[in-house]
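Notes follow the structure.
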Amino acid sequence: MKNELVIEQLTQIADLLEIIGESVYKIRAYRKAVDSLQQTAEDIEVIVQEKRVKELPGIGDAIGEKIKEIVVNGKTTYLDKLTQEIPVEVTSLMKVEGIGGKTAGRLYKELGIKSITGLEEAIENGLLAKLSGFTEKKIAKITRALTFVKSERRPLFKMIPIALNLKKFLEGIDLIQSVEIGGSIRRRKSTIRDIDLHAIGKEKDFEQIMDIFSQMDDVEDIVVKGPLKTTVKLMTGINVDLRVLEEHSNGSGLIHSTGSRNHTVKLRTIADRNNLLLNEYGLFDGEGKTLIASETEEEVYKAMGMSYIPPDIREDRGEIELAQKNSLPDLINLEDIKADFHVHTNWSDGKSVIHEMADAAAERNYEYIIITDHFGKNPIYKPMNEEKLTKQRKAIEQIAQSSSVEILQGVECDILKDGSLSISNKLMKDLDFVIASIHSIFDMPEEEMTSRIITAMDNEFVHGIGHPTGRQLGKRGGYSINFSKIIEKCIESKTFLEINAYPNRLDVDDNVVFDFKNKIEFFIGTDSHQHQQLKNMGYGLNIARRAWCEKKNILNTLTSKELLRKLD
DNA sequence: GCCGTTTTCGGCCCGACTGTTTTCAGTCG
């Protein structure tokens with residue numbers, strides 16, 4: 001897939017336009033196009049071939065042509081032209097916090113600085129200090145920013161506890177009435193860059209609140225500090241934003257802090273079109289004098305003529321237009337989940353025994369559970385063989401007699417290098433559910449990897465593909481596969497894709513589910529290796545909800561009878 | 001450069017913080 005290449009080049013164009021001082025609207029258009037592509041799981045080559053590029057929001061004639069050029073030639077002449085004026089490396093300066101296009105442009109034009117190293121040298125040899133406007137204070141700020149590694153996106157499950165600790169700390173301050181976690185954590189994105197906090201207090205206390213916040217133990221640096229908004233960098237390198245408001249602005253402030261940026265921009269645009277003004281303080285009449293709504297999010301959305309939009313789907317992907325028509329999807333909930341489809345026990349590499357898993361499922365009010373221990377030859381997973389499989393079946397039958405949840409027997413088998421499986425057809429035939437997953441040889445070219453998985457799906461006894469991309473958040477990206485082709489095969493072979501809810505996997509990504517949920521169905525598996533991990537179903541649900549899934553899109557909402565009938 | 005509940009042309013979200021700015025540009029979210 002050439003999606004990454006297109007995104008990279010359009011971003012470079014936007015950066016370069018910023019450096020040469022082009023119209024902010026033109027720059028915004030390129031950034032919007034990048035956003036749009038980042039939300040697409042489909043192969044851009046396929047989109048170009050089918051002449052659907054301009055159907056993507058924010059992409060018109062000009063950018064559409066450039067995308068086509070990049071897909072066909074690997075580059076666009078427009079970028080070539082821009083780089084004749086400004087070398088593309090100069091855009092790397094904009095990665096430094098506080099340096100934008102204007103500053104990067106001056107650094108290059110006036111001092112010939114092209115890179116971070118060049119900038120460091122110019123600071124050291126005093127060249128930067130000779131530039132007008134680069135006072136000691138400003139240089140000190142840049143120097144500090146240079147010591148920080150650009151903060152990376154981290155898995156949601158690692159950020160939630162950090163955010164909760166901060167929330168707890170702030171809630172312990174008398175001057176603060178309440179604290180909410182906003183931003184991408186509240187929207188439940190799979191990976192998170194910054195932590196956004198929204199606090200309520202009295203205006204007279206704002207400065208003191210910010211003093212306490214910026215003096216917390218694990219603050220490494222204060223990035224910006226004002227009475228209304230403060231950003232600190234923690235020693236872990238994570239940026240934390242705190243926005244403080246008075247209680248009457250709670251709803252509008254929370255909408256602002258939660259984002260996404262594109263969602264709030266769209267809301268404000270609509271408000272403006274209706275002669276209203278929306279900001280973090282509330283929804284006002286056009287003059288900004290009369291307050292219309294602000295106390296709760298529900299009130300603000302309602303006053304905007306919309307139904308309440310859950311945080312998970314605030315991404316400007318059409319949810320606002322649907323909310324205006326009161327026809328948002330009826331998002332799937334935890335109560336709709338009747339089973340966990342991917343569970344390991346001590347029959348392979350799991351830590352819990354079957355009945356512990358069944359009990360944990362019962363506690364979650366599931367109707368059934370599918371035990372899917374490893375089957376194959378890879379000793380890492382202590383896999384089962386034919387003999388163990390037969391014994392396990394007897395064990396399951398026995399435990400099921402005293403269990404309040406139904407226990408189905410499945411396996412997770414390996415997709416071998418050539419697409420064949422680590423289990424025979426004869427054995428699969430008697431199993432309720434077969435997940436086939438890739439557990440070895442990850443670095444295959446896209447085409448080979450895609451046909452490897454497609455070969456596995458061709459096996460009539462395979463029901464689902466486990467953790468389809470193999471990504472491990474914060475460790476490795478997924479292997480290269482072509483989703484457009486995989487989905488086609490899913491439809492043809494009636495195979496389902498997993499939403500793997502193991503917190504460091506979250507695989508597939510919500511973009512994939514969003515794009516293809518009306519073509520195929522998905523199942524959520526926690527891939528639990530001990531009974532406490534069944535609670536990770538929530539992470540799988542986050543993905544499904546972000547992808548606008550309703551009950552009908554997710555197999556876990558079926559009863560066991562309905563499921564088995566469907567698999568037949 | 002994109003886009004259309006008034007518009008195929010004329011708009012394009014809104015506000016906080018920083019620096020040295022005596023009224024604003026740059027950057028960020």
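Lettering follows sequence order; numbering is per chain, from 1. Keep in mind that what you see is a predicted model, and the values were worked out from it rather than measured.
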* Honestly, is A:K519 close enough over A:F516, meaning NZ or CZ under 6.0 Å from the six-membered ring centre and within 45° of the axis? -> no
* Asked: Across all strands, who's sitting opposite B:dT8 as a Watson-Crick or G-U wobble pair, both distances under 3.5 Å?
  -> none
* State which residue, out of A:L79, A:I63, A:D15, fulfils the side-chain contact (heavy atoms from CB on, under 4.5 Å) condition with A:L10. => A:I63
* When all nucleic acid strands are considered with a 4.0 Å heavy-atom cut-off, which category describes A:R273: base, sugar-phosphate, or nothing? -> nothing
* Asked: Below 4.0 angstrom from OP1 or OP2 of B:dG1, is there any side-chain N or O of A:Y30?
  -> yes
* Which part of the nucleic acid, if any, lies within contact of A:K225, taking any heavy atom under 4.0 Å across all strands shown: a base, the sugar-phosphate backbone alone, or nothing? -> sugar-phosphate
* Count the heavy atoms of every other residue, nucleotide or ligand shown that sit under 6.0 Å from CG of A:N125, and state whether that count exceeds 12. => yes
* To do: Please check the phosphate of B:dG1 (OP1 and OP2 only) for any side-chain N or O of A:K66 closer than 4.0 Å.
  => yes
* Base, sugar-phosphate, or nothing: which does A:V265 touch, judged by heavy atoms less than 4.0 Å apart? -> base
* To do: Using a 4.0 Å heavy-atom cut-off across all strands, classify A:S257 as base, sugar-phosphate, or nothing.
  => nothing
* If you look only at pairs with a residue in residues 60-76 of chain A, which of them pass as a side chain to side chain donor-acceptor pair (under 3.5 Å), with sequence neighbours excluded? -> A:Y30-A:K66, A:K54-A:D61, A:E65-A:K68, A:E69-A:T76, A:E69-A:T77, A:K75-A:D80
* **Nearest-nucleotide 5' precedence on DNA chain B, A:I222 against A:L56** => A:L56
* Under-4.0 Å side-chain N/O to phosphate OP1/OP2 contact, A:Y281 with B:dC13 -> no
* Do A:R317 and A:N511 meet the criterion of a side-chain donor-acceptor pair at a distance under 3.5 Å? -> yes
* Asked: What is the per-nucleotide protein-contact pattern of nucleotides 22-29 of chain B, from the 5' end, where B denotes a base atom under 4.0 Å from a protein heavy atom, S denotes such proximity for sugar-phosphate atoms only, and - denotes neither?
  -> ----SSSB
* Asked: Looking across every strand, which nucleic acid part, if any, lies under 4.0 Å from A:L267 by heavy atom: base, sugar-phosphate, or nothing?
  -> nothing
* Structure fact -> Of B:dA16, B:dC14, B:dC13, the nucleotide closest to the side chain of A:L277 is B:dC14
* Asked: Is the backbone of A:V513 close enough, under 3.5 Å, to the side chain of A:R546 for a donor and an acceptor to pair up by distance?
  -> no
* Closest nucleotide of DNA chain B for A:S23 versus for A:K137: which of these residues is on the 5' side? -> A:S23
